[in-house]
Amino acid sequence: MPAPRIKSPGALIAESGADREGHGLKRTMGLFQLICFGVGAIVGTGIFVGLSDSVAQAGPAVVVSFVLAAITCIFTALSFAELGGAIPVSGSSYSFAYAGLGESTAFLVGWCLLLEYGISISAVAVGWSQYVNELLHSLTGWQLPAALSAGPGDGGIVNLPAVIVIAMASVLLVRGVRESARATAAMAAVKLVILLAFCAIGYSAFKDGNLTPFSPAGLGGIGAGTTAAFFSYIGFDAITTAGEEAKNPRRDIPVAILVCMGLVTLLYCAVALAAIGAIGGDQVAGRPAALSYVVNEVTGSAVGGGVIAFGAVVAIASVVLAVMYGQTRILMSMSRDGLIPRVFEKVSPKTSTPVAGTLIVAVVFAVPAAFASLDAVMNLCTIGTLAIMAVVNIAVIALRRREPGLDRSFRVPLYPVGPLLGVGFCLYLMYETGWQTWIQFAVFLVVGLLVYLAYGRRHSTLARQTPEVTPDAADPELQAV
C-alpha cells in the first residue's frame, strides 16, 4: 500500500503565505473581531430555534445536555486551538488533516465540511425565515404567506426569506473581510444584549416547580438532548478559517476559540434555565420561535416577543455570514491544493475576497434553503461534524509525534488524554445518532471517496510536485517558519 500523501505544516504555511500575507487576502482581523466572528458563527439557530427540540428530548435536564455537548466541543476546541496556532491557514480542519493524516483523509474532511457548512447555512436560513415572520407579526400583525416562507416539504412553495438572507451575506462577503468583520461584530453585540435581556425577563418569572421532573426521559433523554444540543455549538471551528486574515493568528486564534466556547456555554445554560423556569419544559418543547413565546407569556404583551424576534433575525443572519465565510475559505484551500476546480481559489485583486467561490456557494446553498425540508438530514450533518472533530483530535496526536519541533503557540493540556477524550466524546455522540444515520454517513463517505479518486487524486498539486519540494527538510527556510 502506498504511503499517504502528507503535506507538511511548513509547506502549508509557505504556500499560503500565512506568516506574511495570505494568498491575496488581507490581514484585517484582530482578537476582538475574531471573538465576535466566533460568537457570530455559533450563537444563532441552535439557541433561538433548536432549543425547543433539545428540551423536547431532555426536558429541564437540557442544561446537562448543553454541558455535555460543550464538553465534547471543548476538548476538540483545545485541539483546534493548538493546530490553529501552529498552522495558521484558511483550510482549518481540512488543512490540519492534510498535515496530520494525509491527502485522502483531508479530502474526506473537506467533503464532510461541505455537508456541515452547507446544511448549517441552509438550516440557519430556514430558521431566520421563522423569526422574520414572528417579527413581522409583532410589528404589523401580518405575516408572509406560507407559500413564500416555507419549502414544499413544509407546506409552502419557496422559502423566500431564506434565499434573501443568503444573498445578503454573499454580497457582504464579496465586498471585503473588513466590512464582514464589522457587520459580524455589530450583530454579535446585538444578539448578546437580546439574550441577556431574555434571561432577565425569564428569571423574573422563574418557578422552581417548572424544573420538575428534571429528567423525564432519564439518561436516554439527556443523551438524545445532547445530540440535538450539539448543533448549537457548530461553528466554533470557523475561527480557524481566518488564519490568513487575522493580524496575529498564532496568538489570537487559540485565545478566540477558548473565549468563545466559555462564553457560549454559559449563555446557553442561562437561556435554557430562564426559558424552562419561566413557563415549564412542556411549553417550550417543540415550539417554533420559543424564546419570543416565553417573553410574550411572561410579559403578557407581544412587544417583548417582537424584540426577541428582532434579536433572532440579527443573530441568525450573523451565523449565515460567518459560516459562509468559513466555507469559502476552506474551498479556497482545497482548490489551491488542486483537489477541487481552480475557480474557488481565485481572489479578486479589488476586494481581496474569493468572489467567484462566494457566489457559487451562495447559489448552491440557497437551493436547499428555498425548497428542501432539512429535518431528515440534520443527524447526517451532526455525525459528519463529529467525525471531523474526531479527526482533528487524532491529527494533534499525529503531529505531536511527526513534528515535535513545530512552533505551537498553544498546547493541548493533559496531552494525550485531552485529544483522546475528545475522540471518545465524539464517538459517543456519533453512536447516539442511530444506525440509520451511520448508513447514510457511510454512503456519503463512499461517494466522497469516489469523487476524490475520480478528480482530486489526479489533479492534486502535491502529486505533481517533485520529491525535493514537498518535505520540510528540502528547504531549511520552511523549517524556520
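Count residues from 1 along the sequence.
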Output side-chain donor-acceptor pairs under 3.5 Å for residues 261-268, partner residues at least two apart or in another chain, one line each.
unit_1, atom_1, unit_2, atom_2, d
T265, OG1, M261, O, 2.8
Y268, OH, I42, O, 3.3
Y268, OH, S232, O, 2.7

Let me have the donor-acceptor pairs involving side chains of residues 413-422, under 3.5 Å, with sequence neighbours excluded, atom names and distances please.
none

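Screening residues 75-103 for salt bridge (Lys or Arg N to Asp or Glu O under 4.0 Å) gives R5-E103, E82-R400, E82-R408 as the qualifying pairs, with residues at least two apart or on separate chains. For residues 415-430, there are no salt bridge (Lys or Arg N to Asp or Glu O under 4.0 Å) pairs, not counting sequence neighbours. Evaluation of the side chain to side chain donor-acceptor pair (under 3.5 Å) test over residues 310-322, restricted to residues two or more places apart or in two chains, returns K191-S318. Screening residues 33-42 for salt bridge (Lys or Arg N to Asp or Glu O under 4.0 Å) gives no qualifying pairs among residues at least two apart or on separate chains.
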Quiz prompt | Worked verdict on Y452 versus W111 for ring-ring contact (aromatic ring centres under 6.0 Å, His included) | solution = CA-CA 9 Å; Y452 169 68; W111 184 249; over 10 Å; no
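Looking at D337 and T461, their side chains never bring a donor and an acceptor atom within 3.5 Å of each other.
Ring geometry for W438 against F441 counts as perpendicular: the plane angle is over 60°, on a 0 to 90° scale with 30° as the lower cut.
Note on K247 versus D252: no salt bridge recorded, every NZ/NE/NH1/NH2 to OD/OE distance being 4.0 Å or above.
In Y455, the OH atom is crowded: over 12 heavy atoms of neighbouring residues, nucleotides or ligands sit closer than 6.0 Å.
Between Y325 and F37, the ring centre distance stays below 6.0 Å.
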